[in-house]
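Notes to accompany the following structure.
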Amino acid sequence: SKDDLILPKDFPQLQNDTFLRAARGEETEHVPVWCMRQAGRYLPEFRESRAGKDFFETCRSPAACCELTLQPLRRFPFDAAIIFSDILVVPQAMGMDVQMVPGKGPTFPEPLKEPEDLQRLRVKVDVDKELGYVFKAITLTRHKIEGKVPLIGFTGAPWTLMSYMIEGGGSNTHSKAKRWLYRHPEASHMLLKMLTDVIVEYLLGQVAAGAQALQVFESHAGILGPAEFKEFSLPYLRDIARRVKDKLKEAGKDVPMIAFAKDAHYGLEDLSQSHYEVVGLDWTIDPRSARERTGGKVSLQGNMDPCALYAPKERISDIVKKMLEGFGTRGYIANLGHGLYPDMDPENVGAFVKAVHQHSKQMIKQ
Ligand code: CP3
């Protein structure tokens, strides 16, 4: 098809670099804003595009991913876009079957049960072959976005992906996955290492395809305690950033990386010294204390409670103003503390974006 001929070069020039500047701690005229899950079911046009189609089938169509990535930008003046995809494409690339079951969420028909099951995973993953469709989606989107805003690529972090691969889907206790950490620590490290190797290649492939920033989602950090986080999550997050950055440096590229470890308040100091330019925060952390604890070492991203979007617009504006005062306007990227929910009103998302821009412009002028 024609899209196959689109190459990762001659991209339209970037017009709004506010997000990239904030990630590097540079001055901006306003605080940039984007939302996790900004391409999602809260948008009627998203539901329309996805209607009747299998979720991972959609993920494998570069044209569909491009369209879904661009949809929220047509409505709201977001300062960044995140490529439409899913973190679970990595376990798929390693040979696991994953289905998206409507009303239930992601489901692995054959999750990993015991360490012997690691033998079912591909020893060497050809990332270009298995995940080339994501790279194509990124390249196509970089062309079609016309330089409006930067495009963020992403991955799940090793522990979060490991927990899905063992639990086989969502879980309240994550006890099957945590059982591995306490009963099979060596096999756990083996699996985390295998995931790390694939993730590093995957992120580098996304940058080669055109991604201008990278976010690593450690969505299940909060079910670990501080000691387990230090042993099973942090070293791999660090290894990913260090290896990706070393390789990018060789290529003369500088791509900001964001670590989002949800509910890992205990890990904030460590995360701010882990080679990521930006640390993403969930809503359980107070902005001022997050600044104090990270001591200007990194830019911060977050962290309004997504549920604050259920408030009336004026109240959203007040909450945003307080959040901006807490974080300050420098080295800050406004976002929610987690993704948007399907029942949220697009109008209130618009009010959130507008409030960030308006309040921050005023604060920066003064
Ligand atoms: O807009 C964006 O943020 C970009 C796209 C994106 C999706 N998933 C699309 C998606 C991103 C960044 C993700 C990451 C992701 N996927 C995470 C990490 C972020 C987080 O939420 O902590 C996780 C844990 C997953 C796994 C996953 N995929 C879950 C738990 C679900 C929800 C299942 C459900 O039924 O609600 C998904 C599905 C999914 N991924 C949807 C979207 C827009 C909704 C399903 C659909 O469109 O049919």
Side-chain angles (χ1 to χ4, degrees), residues 33-61 64-73 75-76 78 80-92 96 98-108 134 137-138 141 145 149 151-165 167-172 174 177 199 202-203 206 211 213-223 233 258-264 280-283 301-303 306 335-344 346 349:
V33 54
W34 67 283
C35 289
M36 289 188 271
R37 287 279 167 91
Q38 64 191 32
R41 281 172 293 181
Y42 74 105
L43 290 176
E45 59 270 33
F46 178 95
R47 296 195 296 268
E48 171 92 3
S49 305
R50 288 263 310 104
K53 297 193 186 82
D54 175 69
F55 178 78
F56 287 111
E57 216 43 68
T58 305
C59 288
R60 285 186 203 102
S61 159
C65 293
C66 174
E67 166 59 21
L68 294 171
T69 302
L70 297 179
Q71 280 178 353
L73 300 183
R75 275 188 189 249
F76 315 114
F78 283 127
I82 181 162
I83 190 68
F84 176 86
S85 188
D86 200 84
I87 60 169
L88 299 177
V89 299
V90 165
Q92 286 175 338
M96 292 192 82
V98 189
Q99 310 288 335
M100 193 62 71
V101 180
K104 187 175 170 218
T107 306
F108 292 64
V134 179
I138 288 173
T141 306
I145 207 168
V149 293
L151 181 63
I152 305 169
F154 71 88
T155 182
W159 159 244
T160 296
L161 294 178
M162 169 179 168
S163 79
Y164 269 112
M165 291 160 85
E167 294 292 336
S171 160
N172 287 329
H174 296 266
I199 287 166
Y202 183 43
L203 290 176
Q206 292 187 51
L214 297 168
Q215 176 154 320
V216 180
F217 286 92
E218 188 69 292
S219 302
H220 296 171
I223 52 163
S233 171
I258 308 164
F260 175 62
K262 190 170 176 289
D263 296 320
L281 305 170
D282 64 82
W283 65 91
Q301 174 177 282
N303 74 341
N335 203 315
L336 304 173
H338 201 196
L340 285 156
Y341 304 142
D343 68 348
M344 283 170 167
V349 175

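We count ligands from 1, going down the list as the structure has it; atoms in each ligand are counted the same way.
Proximity of Asp282 to Lys262: side-chain heavy atoms (C-beta onward) are separated by under 4.5 Å at one or more points. Proximity of Leu43 to Val349: side-chain heavy atoms (C-beta onward) are nowhere separated by under 4.5 Å. Proximity of Leu161 to Leu88: side-chain heavy atoms (C-beta onward) are separated by under 4.5 Å at one or more points. Counting heavy atoms from C-beta outward, Thr141 and Leu70 have side chains that approach closer than 4.5 Å.
Not one N or O of His220 is nearer than 3.5 Å to an N or O of ligand 1, by distance alone. Checked by distance only, ligand 1 and Tyr164 stay at 3.5 Å or farther apart across all their nitrogen or oxygen atoms. For ligand 1, the polar-atom distance check finds no N/O of Lys104 at less than 3.5 Å from any of the ligand's N/O atoms. Note: no N/O pair closer than 3.5 Å links Pro106 and ligand 1 by distance alone.
Ligand 1 lies out of reach of Leu68, whose nearest heavy atom is not under 4.0 Å from it. Not a single heavy atom of Gly339 sits less than 4.0 Å from an atom of ligand 1.
Protein heavy atom in closest approach to atom 14 (C) of ligand 1: Ile87 CG2, 3.7 Å. Among all non-hydrogen protein atoms, the one lying nearest atom 11 (C) of ligand 1 is Phe154 CZ, 3.6 Å. Here the protein heavy atom with the shortest distance to atom 7 (C) of ligand 1 is Ser85 O, 3.1 Å. Of the protein's non-hydrogen atoms, Arg41 NH2, 3.3 Å is the one closest to atom 34 (C) of ligand 1.
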Legend entry - Audit row: Arg37, Met344, side-chain contact (heavy atoms from CB on, under 4.5 Å) steps and yes/no: CA-CA 12 Å; Arg37 287 279 167 91; Met344 283 170 167; over 6 Å; no
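Remark: side-chain polar atoms of Asn335 are paired, donor with acceptor, to backbone N or O of Trp34 under 3.5 angstrom. At least one donor-acceptor pair under 3.5 Å links the side chain of Arg47 to the backbone N or O of Arg41. Between the side chain of Thr160 and the backbone N or O of His220, at least one donor-acceptor pair lies under 3.5 Å. Formation of a donor-acceptor pair under 3.5 Å by the Gln206 side chain with backbone atoms of Phe154 is found in this model. The backbone N or O of Phe260 sits nowhere less than 3.5 Å from a side-chain atom of Gln301 that would complete a donor-acceptor pair.
Neither the backbone nor the side chain of Pro72 has a heavy atom within less than 4.0 Å of ligand 1. Looking at Met36 against ligand 1, only its backbone comes within 4.0 Å, counting heavy atoms. If you look at Lys262 next to ligand 1, there are no close heavy atoms at all, none under 4.0 Å. Neither the backbone nor the side chain of Gln215 has any atom closer than 4.0 Å to an atom of ligand 1 (non-hydrogen atoms only).
By the neighbour-count criterion of 12 heavy atoms within 6.0 Å, atom CG of Asn172 is sparsely surrounded, having that number or fewer from other residues, nucleotides or ligands.
For the residues Thr58, Val98, Asp86, the heavy atom positioned nearest atom 26 (C) of ligand 1 is part of Asp86. When the heavy-atom distances from atom 29 (C) of ligand 1 to Gln71, Arg50, Arg37 are ranked, the shortest goes to Arg37. Nearest residue to atom 41 (C) of ligand 1 from Tyr42, Phe56, Trp34, Phe55 is Phe55 (criterion: closest heavy atom). Nearest to atom 21 (O) of ligand 1 by heavy-atom distance, out of His338, Arg47, Met100, is His338.
Ring geometry for Tyr42 versus Phe76: interplanar angle under 30°, hence parallel rather than tilted (30 to 60°).
Atoms of ligand 1 lying under 4.0 Å from any heavy atom of Phe46, numbered from 1 in the order shown and given with element: 43 (C), 47 (O). Using a 4.0 Å cut-off to heavy atoms of Ile83, the atoms of ligand 1 that qualify are 4 (C), 5 (C). For ligand 1, the atoms closer than 4.0 angstrom to any heavy atom of Ala39 are 1 (O), 43 (C). Residue Ser219 approaches ligand 1 through these ligand atoms, each under 4.0 Å from one of its heavy atoms: 18 (C), 19 (C), 20 (C), 22 (O). Ligand 1 places these atoms under 4.0 Å from at least one heavy atom of Ile82: 1 (O), 2 (C), 3 (O), 4 (C), 12 (C).
Side chain to side chain, Ser49 and Gln71 meet the donor-acceptor criterion of an N or O pair below 3.5 Å.
Ring centroids of Phe55 and Phe84 are separated by less than 6.0 Å, placing the two rings close together.
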